[in-house]
Amino acid sequence: MKNVILIGAQGKMGQAALTGLSSHRVITASRSGKGCDYQVDITDEESIRRLFETVGDFDAVVNTVGFCEYADFVDMTEQQWMTTVMSKMMGQINLVRIGQEYIADKGSFTLISGILNIKPIPMAIADATTSGAIDTFVKCVAYELPRGIRINAVNPTVLEEAWDVYGDMMPGFEPVPGHLVGKAFERSVDGFITGEVIFVDA
Ligand SMILES: NC(=O)c1ccc[n+]([C@@H]2O[C@H](COP(=O)([O-])OP(=O)(O)OC[C@H]3O[C@@H](n4cnc5c(N)ncnc54)[C@H](OP(=O)(O)O)[C@@H]3O)[C@@H](O)[C@H]2O)c1
């Protein structure tokens with residue numbers, strides 16, 4: 001059994017990840033802290049550091065948070081870009097940058113990206129771009145992490161549980177059930193792989 005910090009636990013992706021973490025002690029966190037053990041804002045370095053210091057011993061961080069703005073490229077403002085970059089890209093990179101100081105030897109980080117960098121759709125340029133950045137980040141930073149620490153990204157297509165929200169934006173896509181995406185998080189946390197992007201597509 002590992003101590004796993006799950007960030008974004010009450011979200012749709014967090015609930016999917018949770019299905020793959022049943023053999024572990026899961027410590028939950030989110031921005032509001034509602035229904036979770038801890039409050040954390042992944043866009044705030046101090047908040048991230050406070051979470052890791054308060055939790056103490058942990059073997060894995062699973063992040064399912066990455067807020068994205070959706071608009072056509074020609075209408076996207078710099079502010080919308082920065083909001084997305086500071087959450088889905090830098091927020092996740094900062095979790096690893098700061099978290100590697102605190103995580104146990106041979107611990108693991110699992111980040112979230114999303115299939116739109118492979119299968120683009122209208123209005124999702126910021127999500128696609130930052131998902132691509134996260135996929136690249138895990139592949140490359142895996143070579144640099146100390147103490148046997150591993151890192152992977154889960155890159156899922158749309159969840160069945162989110163189809164009512166995103167289905168109209170995604171003609172020709174087939175959603176996947178949350179428990180299948182949970183298996184990808186399980187493979188990252190319980191396996192020995194590192195520097196991988198684990199795709200879950202239909
Ligand atoms: N849903 C899908 O089908 C799907 C598919 C592929 C990829 N993804 C990716 O998965 C990620 C999560 O999507 P989702 O559908 O799970 O969203 P969601 O249901 O809206 O949940 C978002 C979660 O993130 C937390 N959160 C937001 N901003 C935060 C911050 N700054 N610091 C800490 N926690 C924060 C929220 O916490 P509070 O409620 O406490 O604010 C909530 O728990 C996104 O990057 C999305 O692109 C989603």
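In each ligand, atom 1 is the first atom listed, and ligand 1 is the first ligand listed.
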Relative to the heavy atoms of [X], which atoms of ligand 1 are at a distance of less than 4.0 Å?
{"X": "Val65", "result": "24 (O), 25 (C), 26 (N), 27 (C), 28 (N), 29 (C), 30 (C), 34 (N), 35 (C)"}
{"X": "Gly66", "result": "44 (C), 45 (O)"}
{"X": "Ser113", "result": "7 (C), 9 (C)"}
{"X": "Ile112", "result": "9 (C), 10 (O)"}
{"X": "Gly11", "result": "16 (O), 19 (O), 21 (O), 43 (O)"}
{"X": "Gly8", "result": "43 (O)"}
{"X": "Asp127", "result": "47 (O)"}

Heavy atoms only, cut-off 4.0 Å: how does [X] contact ligand 1, side chain, backbone, both, or neither?
{"X": "Pro156", "result": "both"}
{"X": "Lys88", "result": "side chain"}
{"X": "Ile115", "result": "neither"}

- Message: Any protein heavy-atom neighbour for atom 20 (O) of ligand 1 (distance below 4.0 angstrom)?
- Response: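 No, no protein heavy atom sits under 4.0 Å from atom 20 (O) of ligand 1.
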Starting from [atom], what is the nearest protein heavy atom, named by residue and atom, and what distance separates them?
{"atom": "atom 31 (N) of ligand 1", "result": "Asp41 OD1, 2.9 Å"}
{"atom": "atom 12 (C) of ligand 1", "result": "Thr64 O, 3.0 Å"}
{"atom": "atom 37 (O) of ligand 1", "result": "Ser30 CB, 3.4 Å"}
{"atom": "atom 33 (C) of ligand 1", "result": "Val40 O, 3.0 Å"}
{"atom": "atom 1 (N) of ligand 1", "result": "Ala162 CB, 3.6 Å"}
{"atom": "atom 16 (O) of ligand 1", "result": "Met13 N, 2.7 Å"}
{"atom": "atom 17 (O) of ligand 1", "result": "Lys12 N, 4.6 Å"}

Given 3.5 Å as the limit, does a donor-acceptor pair link the side chain of [X] with the main chain of [Y], or not?
{"X": "Glu174", "Y": "Ala202", "value": "no"}
{"X": "Arg50", "Y": "Gln39", "value": "no"}
{"X": "Arg25", "Y": "Met1", "value": "no"}

- Listed by chain and number, what are the side-chain hydrogen bond (donor to acceptor under 3.5 Å, both in side chains) partners of Ser188, not counting sequence neighbours?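 Checked Ser188 against side-chain hydrogen bond (donor to acceptor under 3.5 Å, both in side chains); matches are Thr110, Asn152.
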Can you tell me how far [atom2] of [Y] sits from [atom1] of [X], rounded to the nearest 0.5 angstrom?
{"X": "Ile5", "Y": "Thr28", "atom1": "CD1", "atom2": "OG1", "answer": "10.5 Å"}
{"X": "Ile149", "Y": "Ile103", "atom1": "CD1", "atom2": "CD1", "answer": "6.0 Å"}
{"X": "Phe67", "Y": "Ile42", "atom1": "CZ", "atom2": "CD1", "answer": "11.5 Å"}
{"X": "Thr84", "Y": "Ile125", "atom1": "OG1", "atom2": "CD1", "answer": "11.0 Å"}

- Item | Closest to atom 28 (N) of ligand 1 among Gln10, Met86, Arg31 (heavy-atom distance) |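 The residue whose heavy atom sits nearest atom 28 (N) of ligand 1 is Arg31.
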Would you say ligand 1 has an N or O under 3.5 Å from any N or O of [X]?
{"X": "Ser87", "answer": "no"}
{"X": "Ser32", "answer": "yes"}
{"X": "Ile42", "answer": "yes"}
{"X": "Leu159", "answer": "yes"}
{"X": "Lys34", "answer": "no"}
{"X": "Ala9", "answer": "no"}

- Give a yes or no on whether Arg97 atom CZ has more than 12 heavy-atom contacts from other residues, nucleotides or ligands under 6.0 Å away.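 Enclosed.
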- Does atom CZ of Arg187 have more than 12 heavy-atom neighbours, drawn from other residues, nucleotides or ligands, at distances under 6.0 Å?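 Check fails, neighbour count at 12 or below.
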- Item | Side-chain donor-acceptor contact under 3.5 Å, Asn63 with Gln92 |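 On atom types as modelled, these side chains qualify, holding a pair under 3.5 Å.
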- Message: Within the structure provided, determine whether Tyr70 and Met169 are in side-chain contact (heavy-atom separation under 4.5 Å).
- Response: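 They are in contact (side-chain heavy atoms under 4.5 Å apart), so the answer is yes.
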- Message: Quick test of your reading: applying salt bridge (charged side-chain N to carboxylate O under 4.0 Å, His left out), list the pairs with at least one residue in residues 110-121, sequence neighbours left out, ordered by first then second residue.
- Response: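 Residue pairs passing salt bridge (charged side-chain N to carboxylate O under 4.0 Å, His left out), neighbours aside: Lys119-Asp201.
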- Message: With the threshold set at under 4.0 angstrom, would you say Thr157 reaches ligand 1 through any of its heavy atoms?
- Response: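 Within the 4.0 Å threshold, so yes.
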- Query: What's the shortest heavy-atom distance between Ala17 and Thr64, and which atoms?
  - Reply: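 Shortest heavy-atom separation between Ala17 and Thr64 comes out as CB-CG2, 3.9 Å.
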- For Thr83, which of Met86, Gln80, Gln79 qualifies under side-chain contact (heavy atoms from CB on, under 4.5 Å)?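 Exactly one candidate clears the test, Gln79.
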